[in-house]
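Heads up: the structure comes next, in structure tokens.
Here the structure is a predicted model, which is why all the values come from computation and not from measurement. Naming: A, B, ... by sequence-line order, numbering from 1 per chain.
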Number of protein chains: 2
Amino acid sequence: MTAQRRVVAEVLDGEHVHLTADEVHARAVAKLPEISRATVYNTLGELVSLGEVLEVTTDKRAKRYDPNAHRPHHHLVCAGCGAIRDVHPTGNPLADLPDSERFGFTVSDVEVTYRGLCPNCSAT
Amino acid sequence: MTAQRRVVAEVLDGEHVHLTADEVHARAVAKLPEISRATVYNTLGELVSLGEVLEVTTDKRAKRYDPNAHRPHHHLVCAGCGAIRDVHPTGNPLADLPDSERFGFTVSDVEVTYRGLCPNCSAT
DNA sequence: ATCCTACATTGGACTTAGTCCAAGTCAATG
DNA sequence: CATTGACTTGGACTAAGTCCAATGTAGGAT
């Protein structure tokens, strides 16, 4: 556990937000100015492998990192401003995929992304 | 309707696949050698606005274009090789998001991505 | 048929997000 | 103290996509 890794972990801790890798880097630099982008990418990659952090790719742009990895949830994304909220739908989408629709795949995970407009953006 | 647009439409027609923009460009060039990447991007963008083609972003890599825009469906992605299948789960995930979980958003769409291993990749 | 104009196309420069790698740093161990 | 191995750095590189000024062209007006 090096200073760099601690800083990256700290950035993701607490804040219940969805940061891009660059945002993580920017905040990490604020605490430890000489940290490099490569290290942030490495550390984020490790946190993802460890299951401590989730990668979320809601749009074509940058991946986002979600520290809320321990309670399963899905995402609601604003098509206008890109805001992201965690949501907890009822039901189990995995159960909604019949065997006949699995094509022999071993299905291990499902990701649900709701899209719409946030109150701000819909008040055009 | 120019020659270039016709070619892009032809490439997406028929084939029930999920091509990246570059793959579309490569196939378009085979039919009309002087077509430029920018035109392919423009045309794909228009087809998406017209609702003729869907953009699918299953991973961090390139967007894919899905000509099967008229029958709603979701996707099953192989974590190993990236293969994509269209699937039709039962149930309606939109109904599974209670008002209390909508945060005032106007929710208009939902995208479900199943992940797993295809028969080939799971036979390590 | 010819001209005109608005739109489409081109190609290249540019941007963003991310990966890769060789070299440097550091701490612990023997 | 020297060795080892893991971690970090910075910069070069790549992939995917966007932007823009210059050029070409489709199709209506005359």
Separation of C:dT9 C1' from B:H25 NE2 (nearest whole Å): 12 Å
Sugar-phosphate only, base, or nothing, as touched by B:A38 at under 4.0 Å among non-hydrogen atoms: base
Distance in angstrom units between B:L32 CG and C:dT9 P, rounded: 10 Å
Short side-chain N/O contact to C:dT19 OP1/OP2 from A:Y41, under 4.0 Å: no
Distance below 4.0 Å between A:T20 side-chain N/O and C:dA17 OP1 or OP2: no
Separation of D:dA15 P from B:K63 NZ (nearest whole Å): 18 Å
Sugar-phosphate only, base, or nothing, as touched by B:T39 at under 4.0 Å among non-hydrogen atoms: base
Per B:Q4 side chain, nearest of listed nucleotides C:dG18, C:dT10, D:dT9: C:dT10
A:T43 backbone acceptor or donor facing A:R5 side chain under 3.5 Å: no
Separation of D:dG24 P from B:I35 CD1 (nearest whole Å): 18 Å
Closest to the B:A21 side chain, choosing from D:dC7, D:dG17, C:dT10: D:dG17
Rounded interatomic separation in angstrom, taking CD from A:E34 and P from C:dC26: 10 Å
N/O donor-acceptor pair under 3.5 Å between A:E23 side chain and A:T20 backbone: yes
Spacing between A:E55 atom CD and C:dA17 atom P, to the nearest angstrom: 15 Å
4.5 Å side-chain heavy-atom contact, B:H25 and B:V29: yes
Proximal nucleotide (of C:dT10, D:dT8, C:dA17) relative to the B:S36 side chain: C:dT10
Between D:dG17 (C1') and B:L19 (CG): distance, integer Å: 17 Å
Earlier contact from the 5' end, DNA chain C, for A:N42 and A:R37: A:R37
Donor on one side chain, acceptor on other, B:H18 and B:N68, under 3.5 Å: no
DNA chain D: 5'-proximal contact among A:R5 and B:A62 (nearest heavy atom): A:R5
Whole-Å distance separating the CD atom of B:E23 from the P atom of D:dG17: 11 Å
Options D:dT18, C:dT16, D:dA15, nucleotide nearest the side-chain atoms of B:R61: D:dA15
Taking every non-hydrogen atom, the tightest pair across A:F103 and B:L76: CD1-CD2, 4.2 Å
